[in-house]
There are 2 protein chains.
Amino acid sequence: MTSPHSHRTSVATAKRTLPSDQVVGSMAETFKVLGDPNRLRIVIALTQTELCTLDIARTLGMSESAVSHQLRLLKALRLVRQRKEGKLVLSSLDDEHIEDLLRIGRRHATEAA
Amino acid sequence: MTSPHSHRTSVATAKRTLPSDQVVGSMAETFKVLGDPNRLRIVIALTQTELCTLDIARTLGMSESAVSHQLRLLKALRLVRQRKEGKLVLSSLDDEHIEDLLRIGRRHATEAA
DNA sequence: CATACGATTGAACGATTGTTCAATCGTAAT
DNA sequence: ATTACGATTGAACAATCGTTCAATCGTATG
């Protein structure tokens, strides 16, 4: 025989640790937006410099349109901020936490499998 | 007139900062797996205790099958580890970086919009 | 004003996603 | 051996995703 196991108490304990649906949903959205390679590349590129939409497109080999669509998402989730300069729209990171996420995510990704 | 802008140099600079496709892809996978509310809840629940598949299902109100599918993904990406005990499969977090990601992600998510 | 350039928009498309469902496997207990 | 329980699997489905394409907007420059 192995150690006894009570489903009841485990479930009750685990349930207590969960944040509200709203918080979980918001966290998931944040991670999800970083979960696409092109969007992630955009964010990484912006850790160095402010860039206009076209430069991002050229840097990543994406269409201007695709970049614009993604920037709108990134802005909506407060990862990216934008300012206008003439006919350019310059994008930059909006939040200092983002670079932390990138750093840790990269560490996990490049660890020995 | 505003400040002059050279696309050429901005693109060249930005390109240098980008990790390889392989690294970016792996990072994106890591974020993506945390980008689903149910999967994220599973991971959060496991920060506290080791849990069997059924307990996770009961805690989150998911079917056993759905949980099992997601655990396989989490295991493949090395977020979750599993050990057997009798007929139970106990899951726990596989990597200490994960909790850091959760903490920072939560901070960003709960910041004032 | 007309032109060019950078940016945005919305519809449409194929591709991917997460779940359900039913069937099956494995282990422990009777 | 049979039963019960926990876990896994694969097919199938609706839903969501990210891109392309064409059209349009805005602003600076000729």
Side-chain angles (χ1 to χ4, degrees), chain A residues 1-8 10-11 24-25 28-43 46 50-77 80-92, chain B residues 1-8 10-11 24-25 28-43 46 50-77 80-92:
Chain A
M1 192 189 63
T2 56
S3 60
H5 178 76
S6 164
H7 290 301
R8 278 177 216 77
S10 296
V11 170
V24 171
E29 268 191 325
T30 302
F31 288 124
K32 185 183 211 166
V33 83
L34 292 172
D36 172 76
N38 279 340
R39 230 150 33 209
L40 183 56
R41 262 184 275 261
I42 291 175
V43 172
L46 294 179
E50 203 181 32
L51 287 171
C52 72
T53 306
L54 185 57
D55 282 345
I56 296 172
R58 291 215 229 276
T59 302
L60 308 187
M62 296 175 67
S63 73
E64 263 184 287
S65 177
V67 170
S68 182
H69 280 300
Q70 302 294 24
L71 283 174
R72 184 151 55 127
L73 237 181
L74 290 167
K75 203 172 54 168
L77 289 174
V80 160
R81 173 186 10 208
Q82 294 183 328
R83 70 181 182 91
K84 283 193 162 189
E85 185 162 322
K87 55 182 165 184
L88 301 182
V89 172
L90 284 313
S91 298
S92 58
Chain B
M1 189 188 67
T2 57
S3 61
H5 177 77
S6 165
H7 290 299
R8 280 176 213 77
S10 296
V11 170
V24 172
E29 268 191 324
T30 301
F31 288 123
K32 186 182 210 166
V33 82
L34 293 172
D36 173 75
N38 280 339
R39 229 149 37 208
L40 183 57
R41 264 185 274 262
I42 292 175
V43 172
L46 294 178
E50 203 180 33
L51 288 171
C52 73
T53 307
L54 185 57
D55 282 345
I56 296 172
R58 291 216 230 275
T59 301
L60 308 187
M62 297 175 65
S63 73
E64 264 184 285
S65 176
V67 171
S68 182
H69 280 299
Q70 302 294 25
L71 283 173
R72 183 150 57 127
L73 237 181
L74 290 167
K75 202 172 55 168
L77 290 173
V80 160
R81 173 190 5 213
Q82 294 184 327
R83 70 182 183 90
K84 282 193 164 189
E85 184 162 321
K87 55 181 163 184
L88 300 183
V89 171
L90 284 312
S91 297
S92 58

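- Counting to the nearest Å, the C1' atom of dG26(C) and the CG atom of Leu54(B) are 16 Å from each other.
- Nearest heavy atoms, Pro37(B) versus Ala28(A): N-CB, 3.8 Å.
- The residue from Lys75(A), Arg39(A), Arg41(A) that alone fulfils the side chain to side chain donor-acceptor pair (under 3.5 Å) condition with Gln70(A) is Arg39(A).
- Atoms CZ (Arg41(B)) and C1' (dG18(C)) sit 13 Å apart, rounded to a whole Å.
- Looking at Val33(B) and Leu74(B), their side chains come closer than 4.5 Å, going by heavy atoms from C-beta outward.
- Between the NZ atom of Lys87(A) and the P atom of dG26(D) there is a distance of 15 Å, given to the nearest Å.
- For DNA chain D, no neighbouring residue in residues 29-39 of chain B is found when judged by any heavy atom under 4.0 Å.
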Table please: side-chain donor-acceptor pairs of residues 59-67 of chain B below 3.5 Å, with sequence neighbours left out.
from: Thr59(B); atom 1: OG1; to: Asp55(B); atom 2: O; distance (Å): 2.6
from: Ser63(B); atom 1: OG; to: Ala66(B); atom 2: N; distance (Å): 3.0

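- Leu77(A) places its CG atom 14 Å from the C1' atom of dC17(D), with the value rounded to the nearest Å.
- The number of heavy atoms from other shown groups lying within 6.0 Å of CZ (Arg83(A)) is above 12.
- Rounded to the nearest 0.5 angstrom, Asp36(A) CG and Phe31(B) CZ are separated by 12.5 Å.
- As rounded to whole Å, 8 Å separates atom P of dT8(C) from atom NZ of Lys84(A).
- A straight line from CG of Leu73(A) to C1' of dT9(C) spans 14 Å, rounded to a whole angstrom.
- For the pair Leu46(B) and Ile56(B), the minimum side-chain heavy-atom distance is below 4.5 Å.
- Taking 4.0 angstrom as the limit, Thr53(B) places none of its side-chain polar atoms (N or O) nearer than this to OP1 or OP2 of dG6(D).
- With contacts defined as side-chain heavy-atom distances shorter than 4.5 Å, the pair Leu71(A)/Val89(A) does not qualify.
- Whole-Å rounding puts the Ile56(B) CD1 to dT19(C) P distance at 13 Å.
- Each of Gln70(A) and His7(A) was assigned the nucleotide of DNA chain D with the nearest heavy atom; the assignment lying further toward the 5' end belongs to His7(A).
- Distance, Arg72(B) CZ to dT17(C) C1': 14 Å, rounded to whole Å.
- For residues 61-69 of chain A, proximity to DNA chain D is found at Met62(A), Ser63(A), Ser65(A), Ala66(A), His69(A), defined as any non-hydrogen atom under 4.0 angstrom from a strand atom.
- His7(A) places a side-chain heavy atom less than 4.5 Å from the side chain of Cys52(B).
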